[in-house]
Amino acid sequence: MHILFAEDDAVIASGLVYALQAEGYTVTHCPDEASAVRALGEREYSLALLDLSLPDGSGFSVFERIRQTSQMPVLFVTAADDEGNTVKALEMGADDYITKPFRVRELLARIKTVLRRAGGKTGDVISLGSVKVDLAKAKVYKDGAEVLLTALEYRLLLTFAHNKGQVLTRGQILESLWDVAGNFVNDNTLTVYIKRLRDKLGETIVQTVRGLGYMTGDGHDKK
C-alpha cells in the first residue's frame with residue numbers, strides 16, 4: 001500500500017516515514033503543497049496523510065486536489081489547539097484526524113482503521129498467483145499450504161506485494177527494509193533474502209528486471 005505523506009517538519013517526517021515503512025507501507029514524502037500536488041499526478045495512492053500547515057499552502061488545498069480525481073481516504077494532522085481547522089477538515093470530508101503531539105502507534109492504528117473502513121487491503125488477502133498473503137494474520141500460503149517466513153522475508157514479500165506491477169530498484173527495496181526487526185540490511189543481504197523468497201515461494205515470485213531492479217512475479221513455478 002502506498003501512502004502520500006505531506007509534512008514540512010523534517011524530524012517528524014523522518015520518524016514517521018521509518019515507522020510506516022516498518023509496517024510494510026510504501027511512502028512518498030512531500031515537504032510542501034507543490035511537491036504533494038506533483039506527486040498526485042505521478043501515481044495512485046491508498047491513503048493520504050496531510051499536515052494542515054505547509055510552507056507554501058495547506059493540507060486543505062492538497063485535499064481539494066485529491067478529491068478532484070480520487071476518493072482515497074485522507075487523514076489530517078492538526079495542532080492540538082486548532083479546533084476550528086479540525087472541524088473544517090471533517091466537514092470537508094476527511095476520514096479522520098490526529099492532533100500533535102501523538103504516539104506513533106496511535107497513528108498506525110488510525111491508518112489501519114481508516115483503510116479498513118474504506119475497503120482498503122488491510123485485513124484482505126493479496127494474491128500473487130499461487131501465493132496468497134493474509135495481511136490480517138501475517139501468514140503466507142503457497143498452493144494452499146502455509147509457508148513459514150522470517151520477519152525480514154515477510155517484510156520483503158510485503159514490499160513487492162504492495163507494489164505489484166511496479167519495478168523497484170535495489171535502493172528502494174533497501175529503504176523499505178532498513179533496520180526492520182533489528183537486522184542490518186545491505187546490498188549483499190538483500191540478494192540473500194531474495195534468493196530465500198524464491199527458494200520458499202518459487203523462482204518466479206520475484207522477477208529480475210535487467211538493469212533496473214526487481215518486480216513481483218506470478219508465483220507460479222515453471223515446469
Is there side-chain contact between Lys200 and Leu148, with heavy atoms separated by less than 4.5 Å? no
Can you tell if the side chain of Ser58 reaches within under 4.5 Å of the side chain of Leu52, non-hydrogen atoms only? no
If you define the side chain from C-beta out and look only at heavy atoms, does anything of Glu7 sit under 4.5 Å from His29? yes
Taking all heavy atoms of Glu33 and all of Ser61, pick out the closest pair and write down the distance. OE2-CB, 3.4 Å
Over all heavy atoms of both residues, which pair between Ala161 and Thr216 is shortest? Give the atoms and the distance, please. N-OG1, 4.1 Å
What residue among Asp199, Leu128, Ile194 forms side-chain contact (heavy atoms from CB on, under 4.5 Å) with Ile205? Leu128
Say whether Thr191 and Asn188, considering side chains only, have a donor N or O and an acceptor N or O under 3.5 Å apart. no
Measure from NZ or CZ of Arg43 to the centre of the six-membered ring of Tyr45 and say whether it is under 6.0 Å with the direction within 45° of the ring axis. yes
Minimum side-chain heavy-atom gap Leu156-Leu197 below 4.5 Å: yes
Looking at every non-hydrogen atom in both residues, tell me the closest pair between Pro55 and Asp32 and how far apart they are. CG-CB, 3.8 Å
Checking side-chain polar atoms at under 3.5 Å, does Asn163 have a donor or acceptor matched by the opposite partner on Thr26? yes
Quick check on Glu106: does its CD atom have over 12 non-hydrogen neighbours (other residues, nucleotides or ligands) under 6.0 Å away? yes
Lys/Arg-Asp/Glu bridge criterion (N-O < 4.0 Å) met for Arg105, Glu23: yes
For Phe63, is the CZ atom crowded, meaning more than 12 foreign heavy atoms sit under 6.0 Å from it? yes
Answer yes or no: is there a donor N or O on one side and an acceptor on the other, between the side chain of Asp56 and the main chain of Ala34, under 3.5 Å? yes
Give a yes or no on whether Arg110 atom CZ has more than 12 heavy-atom contacts from other residues, nucleotides or ligands under 6.0 Å away. yes
For residues Ile66 and Ala48, report the shortest heavy-atom separation together with the two atoms involved. CD1-CB, 3.6 Å
Of Leu47, Thr28, Leu16, the one forming a side-chain contact (heavy atoms from CB on, under 4.5 Å) with Phe5 is Leu16
What one should report as the nearest heavy-atom pair of Gln166 and Met215 is O-CB, 3.6 Å
Heavy-atom donor-acceptor pair, Arg198 side chain to Val206 backbone, under 3.5 Å: yes
Within the structure provided, determine whether Gln21 and Val27 are in side-chain contact (heavy-atom separation under 4.5 Å). yes
Provide the closest heavy-atom pair for Arg67 versus Gly93 in the form atom of the first, atom of the second, distance. NH2-O, 4.1 Å
